[in-house]
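Note that this is a predicted model, so its numbers are computed, not measured. If you read the sequence from its start, that first residue is 1, and numbering goes on from there.
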Amino acid sequence: MANFERAIADLRDIGFGQDKPRVALILGSGFGLIEREVDDPLDTHYQDIDGFPPPAGTLGHECRLSEGVLWGVPSLVFRGRFHAYEGHDARDLGICVQVAHALGCETLVVTNAAGGIRDDLQPGSLMAITDHVNFMGINPLAGFERMPGAKAFPAMGRAYDAELTELLVKGSEQSVAIGVYAGVLGPCFETPAEVEALRRLGADAVGMSTVPEVIVARALGMRVCGLSLITNVAGGHEDSHEGTIKAGSDNAPKVAAVLKGLFQSLA
Ligand code: HPA
């Protein structure tokens, strides 16, 4: 299990928080390159942070945290996240968000790779997340002990900030669609029948992350926006994690351009 108090104490010891980071960015599968944009980062590996859960070592998730100035904004960049499909306890899935909030971040930007459900969301498309459906069957806030500083019953009516979402959509030359993200447990990809069920239930894209982080961020009162890179048409018989990672790195420059537009507006 994660230990938030130990993690935050350890990060402060190493010097995290000194640049007064305002925005936390969590990078999805294969987007690691974007981290090189951080000027003069303070950097550590998740496995060296006392109190962090042991990273599972899933391909494409480098599990490094950097603090520095990203496109003009003092930021924390999480390259890698904890997934429920790796066997982590649901209460640990928001640990990156918890430490970001404690280190001063008021805004969370989440990115992920997702399978396209809506017909126009073909591989290589970008989608700003306007809302989500939690099909993961878990919730990071459920448990006997209340998460420190978090609301017990947070409202999720406006989980994704409209102003930040507009900056994702209009802040760069890239074309960015909007849509609803369905979070599923994984680790298997969806059957065609599951994809059809998700479509009828209102989902435009599907992925195995993000929802727990957004729930924790909203419970802590952070502003949130999210960007999905569509890496495949959901429900295909050749869906693979390797394909997701490759599509992530092939499209990282596009993702970076959209994020740059957002960050420059926040600078
Ligand atoms: N399903 C679930 N998660 C994903 C997918 C998908 O098709 N593609 C990338 N992450």
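I178 is connected to V255 through a chain of hydrophobic side-chain contacts under 4.5 Å among Ile, Leu, Val, Met, Phe, Trp and Tyr, so both are in one cluster. Cluster membership check: L185 does not share its hydrophobic cluster with V216, using side-chain heavy-atom separations under 4.5 Å among Ile, Leu, Val, Met, Phe, Trp and Tyr. Cluster annotation: I14 and I95 are assigned to the same hydrophobic cluster (Ile/Leu/Val/Met/Phe/Trp/Tyr, side-chain heavy-atom contacts under 4.5 Å, transitive). M156 and M147 end up in the same hydrophobic cluster when Ile, Leu, Val, Met, Phe, Trp and Tyr side chains are linked at under 4.5 Å. Note on V180: it does not cluster hydrophobically with V233, by side-chain heavy-atom contacts below 4.5 Å among ILVMFWY residues.
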### Task
May I have the step-by-step check of salt bridge (Lys or Arg N to Asp or Glu O under 4.0 Å) for R199 and D119, ending in yes or no?
CA-CA 10 Å; R199 183 203 309 273; D119 291 346; 3.5 Å; yes
### CA sep, side-chain torsions, deciding dist, call: R12, L103, side chain to side chain contact (heavy atoms under 4.5 Å, CB included)
CA-CA 8 Å; R12 287 213 173 97; L103 291 171; 4.1 Å; yes
#### Entry: Stepwise salt bridge (Lys or Arg N to Asp or Glu O under 4.0 Å) test for K246 and E242
CA-CA 6 Å; K246 184 172 182 317; E242 291 68 23; over 6 Å; no
### Task
Let me see the working for R81 and L93 under side chain to side chain contact (heavy atoms under 4.5 Å, CB included), right down to the final yes or no.
CA-CA 8 Å; R81 49 161 55 102; L93 300 176; over 6 Å; no
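By the 6.0 Å contact criterion, CD on E106 is open, its count of non-hydrogen atoms from other residues, nucleotides or ligands being 12 or less. Residue K254 places its NZ atom among more than 12 non-hydrogen atoms of other residues, nucleotides or ligands, all under 6.0 Å distant.
With sequence neighbours excluded, the residues satisfying salt bridge (charged side-chain N to carboxylate O under 4.0 Å, His left out) with D89 are R91. By the side-chain contact (heavy atoms from CB on, under 4.5 Å) test, T191 pairs with A193, E194, sequence neighbours left out. A search for ring-ring contact (aromatic ring centres under 6.0 Å, His included) contacts involving F263 returns W71, not counting sequence neighbours.
In this structure, F16 CZ and L65 CG are separated by 4.0 Å, a value rounded to the nearest 0.5 Å. For the atom pair CZ (R158) and OG1 (T165), the distance works out to 12.5 Å, reported to the nearest 0.5 Å. Note that the CD1 atom of I49 and the SG atom of C63 stand 9.5 Å from one another [nearest 0.5 Å]. In this structure, CD on E67 lies 12.0 Å from OG1 on T44, to the nearest 0.5 angstrom. Note: N251 CG to L126 CG = 7.0 Å, rounded to the nearest 0.5 Å. Within the model, atoms CZ of R22 and SG of C105 stand 9.5 Å from one another, a figure rounded to the nearest 0.5 Å.
With hydrogens and angles disregarded, no donor-acceptor distance shorter than 3.5 Å links the side chain of D43 to the backbone of S66. Looking at Y181, its side chain does come within 3.5 Å of a backbone N or O of S209 through a donor-acceptor pair. Between the T244 side chain and the S240 main chain, a donor and an acceptor come within less than 3.5 Å of each other. Between the R79 side chain and the E62 main chain, no donor and acceptor come within less than 3.5 Å of each other. H132 places no side-chain N or O within 3.5 Å of a backbone atom of V211 that could act as its donor or acceptor partner. One N or O on the side chain of T111 and one on the backbone of G28 form a donor-acceptor pair closer than 3.5 Å. A side-chain donor-acceptor contact under 3.5 Å links T130 to the backbone of G179. No donor-acceptor pair closer than 3.5 Å links the side chain of H83 to the backbone N or O of Y85. When atom types are taken as modelled, the side chain of R223 and the backbone of E163 share no donor-acceptor pair closer than 3.5 angstrom.
A salt bridge between D10 and R6 is absent, with no side-chain N of the basic residue lying under 4.0 Å from a carboxylate O of the acidic one.
What you find for A128 and V169 is that their closest heavy atoms are CB-CG2, 3.8 Å. Taking both residues in full, the closest heavy atoms of G186 and M208 are given as CA-SD, 3.7 Å, listed atom of the first, atom of the second, then distance. Closest approach of P21 and S75 over heavy atoms only: CB-C, 3.9 Å. Contact record, C96 with I26: CB-CD1, 4.4 Å, taken as the closest heavy-atom pair. The two residues V214 and A159 make their nearest non-hydrogen contact at CG1-CB, 4.3 Å. Smallest separation of non-hydrogen atoms from D131 and I129: O-CG2, 3.2 Å.
Counting only heavy atoms from C-beta outward, the side chains of L168 and C225 approach each other to under 4.5 Å. Put simply, the side chain of L266 reaches to within 4.5 Å of the side chain of L164, judged on heavy atoms. Between D19 and V69 there is no side-chain heavy-atom pair separated by less than 4.5 Å. Using a 4.5 Å heavy-atom threshold, the side chains of D161 and V224 count as separate. Between E37 and L259 the shortest side-chain heavy-atom distance does not fall below 4.5 Å. In this structure, the side chains of P148 and E5 come closer than 4.5 Å at one or more pairs of heavy atoms.
Each of Y46, F82, F52 was evaluated against H88; a single residue qualifies, F82, per the ring-ring contact (aromatic ring centres under 6.0 Å, His included) test. The only option from V133, N134, V206 that meets the side chain to side chain contact (heavy atoms under 4.5 Å, CB included) definition with V184 turns out to be V206. Just one of L121, D204, I117 meets the side chain to side chain contact (heavy atoms under 4.5 Å, CB included) condition when paired with I230; it is L121.
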